[in-house]
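Taking it in order: structure first as structure tokens, then the write-up.
Any value given below was found using the heavy atoms of this structure, including those in side chains, with hydrogens, waters and symmetry copies removed. In this text, all values refer to a predicted model and were calculated from it rather than measured experimentally. Throughout, a chain's letter reflects where its sequence line sits, starting with A, and its residues are numbered from 1.
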Amino acid sequence: MSAEKNAPPVNDNPGNFVEDLVRADVEANVQQGRVATRFPPEPNGYLHIGHAKSICLNFGLAETFGGTCNLRFDDTNPEKEDVEYVEAIKDDVKWLGFSWAGEVRFASDYFEQLYQFAEKMIEAGDAYVDSQTADEIKENRGDFYKVGKNSPFRDRSPAENLALFREMRAGAHPDGSHVLRAKVDMASTDLKLRDPLMYRIRRVHHHRTKDAWCIYPLYDWAHGQSDHIEKITHSICSLEFINHRPLYELFLEKIGAGPDTARPKQIEFAKLVLTYTVMSKRRLKELVDKNVVTGWDDPRMPTLAGQRRRGVTPAALRALCERVGVATKDSIVDVLLYENAIRDDLNATSPRFMGVVRPLKVTIVNFPEGETLEIDAPYEAPKQGEAGAGAEAEPVPTRKVPLTREIWIEREDFMEVAPKKFFRLTPGQEVRLRYACIVKCVGVNKDAAGEVTEVLCEWDPQSKGGNPADGRKIKGTIHWVSQKHAVDAEVRLYDRLYTVENPMGEKDKTFLDFVNPTSLEVVTAKLEPALADKGEGFRMQLERVGYFCKDRDSTSERPVWNRTIGLKDSWTKEKGA
RNA sequence: UCGGGAAUCGUCUAAUGGCAGGACAACGGAUUCUGAUUCCGUUUAUCUAGGUUCGAAUCCUAGUUCCCGAACCA
């Protein structure tokens with residue numbers, strides 16, 4: 001008992017320092033204890049696994065504290081943005097299982113208000129129109145070791161600045177001729193504070209505001225102010241934005257957002273990076289544009305659309321984000337953690353079926369020709385710790401599996417010359433056909449090249465259902481499909497897209513140099529007939545093979561299944577050793 | 001040569017001056033009509049050097065390493 005009293009607090013949960021900070025604010029009644037977050041993607045590409053972490057964090061916080069989370073598109077750079085992405089992103093967030101508060105927001109909804117804020121800045125002498133060229137601005141900004149030089153236009157009067165800024169808005173000046181800058185400090189050691197740009201002139205069609213504007217705000221001017229307009233309490237972003245925080249706060253100060261206890265608070269966390277994965281939108285676009293993959297939703301892509309098509313569940317993605325934790329240290333998560341989260345969820349939820357991916361003919365020579373044995377086989381995911389069959393405490397749902405004289409088995413389940421501990425088919429050895437019976441290999445047929453083309457077996461008719469009458473131990477169980485009933489299907493066997501942990505980590509090479517040449521292998525598989533009528537998106541486990549999801553490329557003549565992920569395999573490892 | 005961040009098992013992450021814990025991975029074993037699942041067990045960590053303290057991952061000093069920052073991108 002005394003030991004219990006002295007026991008240190010135990011916390012087996014992964015850390016989430018953001019949640020701790022928010023909780024502290026709620027308990028201190030900051031912002032009346034209100035929690036309002038936002039997920040602010042730029043609609044210039046598809047969401048990926050990294051975004052999932054931010055989505056889970058922001059929406060999760062809102063759920064945890066009974067607050068709200070907005071979906072806000074940060075659409076301030078029309079050159080790269082498109083409605084295609086807006087729709088895809090909305091779908092992805094919904095698919096992940098989250099709902100945003102009210103309508104979808106757009107930074108572009110705030111362009112007028114942002115503009116008014118900017119006029120206030122000008123009137124207060126806190127912003128000016130700079131008419132230097134882009135090169136001059138860059139030159140005069142200085143660098144890490146050299147302070148900047150004031151622009152010759154820095155001392156224009158508020159009245160002149162206001163007139164010029166209004167002309168900029170009205171389209172009186174060509175692109176690039178002027179910018180609006182905040183007047184801060186060209187000598188600051190923080191380069192971000194050397195008179196940051198607020199507006200540029202760009203005659204570009206915007207996907208929402210069309211041609212209403214020819215000046216567009218830059219990130220630093222748009223983001224914090226949008227947070228303020230939406231009354232966001234906690235503005236969560238990734239680590240690289242920590243350099244922007246002083247500016248974030250300065251702008252809120254200048255627009256009169258109130259005391260810092262009443263303003264949005266920027267908090268930075270480490271984004272999710274996975275081994276064997278390249279997440280940046282630019283590279284993802286490159287894979288698409290160079291046809292390395294078939295599109296943004298290619299099942300090898302780390303995009304949410306790709307992962308969804310591959311068969312990954314939203315629950316698996318959420319589990320990954322939960323397990324990874326939230327911290328301020330740059331980290332690279334082993335992709336195995338993700339694969340484990342996928343298997344974990346799929347194992348618990350996938351019905352079981354049989355299918356042969358690389359078929360090899362087997363003839364059961366003493367099985368009556370033309371006869372079919374119908375077997376009732378359970379297909380539900382086994383309960384935790386239970387075996388797939390046998391342990392029928394209560395009736396379990398089953399499907400009919402036909403057994404005939406000619407069947408397909410997996411090519412790798414037969415070896416003419418087998419190593420020790422090979423518990424599958426090999427001459428003279430007995431093996432169980434899952435759910436069906438015991439067979440023994442009595443011979444093989446080969447082609448001219450010496451390749452085994454057919455395996456001959458005898459079955460034990462006393463073992464119908466899978467267990468021998470005399471109770472003898474059968475070590476191996478293999479899957480099979482009746483040839484006569486088999487459904488041909490295109491199966492896409494996906495593997496990691498890269499051959500190395502960090503495809504970006506090599507000098508003199510690009511990530512494209514490390515694309516796995518066998519990241520996709522297409523085979524014609526033989527599936528059991530019960531799978532014939534499954535619809536697009538149906539997920540299942542092919543026993544002993546892996547988890548699969550029916551692809552939208554399926555036609556009535558040719559079903560297509562994607563391998564989401566294989567089963568863990570301790571056999572190939574042993575074999576290799 | 002500047003400014004800002006961060007350093008705990010192989011990986012991610014706890015412990016906020018008091019037993020360095022968990023997950024994944026690895027390894028061993030048990031169970032199994034999936035070589036899966038499940039169960040049990042084992043190995044492995046506080047960046048370095050000083051200091052404060054009865055006691056330091058935690059506080060102090062110095063150093064080292066890594067990341068971010070010089071777009072009219074976000």
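Annotation: side chain to side chain donor-acceptor pair (under 3.5 Å) contacts of Arg472(A) (sequence neighbours excluded): Glu430(A), Asp460(A), Asp470(A). Tyr216(A) pairs by the side chain to side chain donor-acceptor pair (under 3.5 Å) definition with nothing, not counting sequence neighbours. Annotation: side chain to side chain donor-acceptor pair (under 3.5 Å) contacts of Arg208(A) (sequence neighbours excluded): Ser108(A), Asp109(A). Residues passing the side chain to side chain donor-acceptor pair (under 3.5 Å) test with Asp220(A), sequence neighbours excluded: His244(A). Residues satisfying the ring pair (Phe, Tyr, Trp, His ring centres under 6.0 Å) criterion with His479(A), sequence neighbours excluded, are absent altogether. Every residue meeting the ring pair (Phe, Tyr, Trp, His ring centres under 6.0 Å) condition with Phe251(A), not counting sequence neighbours, appears here in chain and number order: Trp221(A). Partners of His178(A) by ring pair (Phe, Tyr, Trp, His ring centres under 6.0 Å), not counting sequence neighbours, listed by chain and number: His173(A). Partners of Phe106(A) according to the ring pair (Phe, Tyr, Trp, His ring centres under 6.0 Å) rule, which considers only residues two or more places apart in sequence or in another chain, are Phe73(A).
The distance from atom CG of Asn347(A) to atom P of rU38(B) is 6 Å, rounded to the nearest whole Å. Distance Leu425(A) CG to rG35(B) C1': 15 Å, rounded to the nearest Å. Between Glu380(A) atom CD and rU34(B) atom C1' there is a gap of 17 Å when expressed in whole angstrom units.
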Nucleotide-level pairing of RNA chain B, given in dot-bracket where Watson-Crick and G-U pairs need both distances under 3.5 Å and | marks other strands: .((((((..((((....[..)))).(((((.......)))))....(((((..]....))))))))))).....

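Closest of all the heavy-atom pairs between Arg399(A) and Pro378(A) is NH1-O, 2.8 Å.
Near RNA chain B, meaning a heavy atom under 4.0 Å away, the residues from residues 140-147 of chain A are Arg141(A), Gly142(A), Asp143(A), Phe144(A), Tyr145(A). For the contact set between residues 271-282 of chain A and RNA chain B, defined by any heavy atom under 4.0 Å, there are no members. Shown for residues 37-57 of chain A: residues whose heavy atoms fall under 4.0 angstrom of RNA chain B, namely Glu42(A).
Comparing rG4(B), rU11(B), rG35(B) by their closest approach to the side chain of Ile242(A) singles out rG4(B). Comparing rU34(B), rG35(B), rA6(B) by their nearest atom to the side chain of Arg352(A) picks out rU34(B).
Residue ring and base: Tyr219(A) does not count as stacked with rA74(B) (centre distance below 5.5 Å and interplanar angle below 30° not both satisfied).
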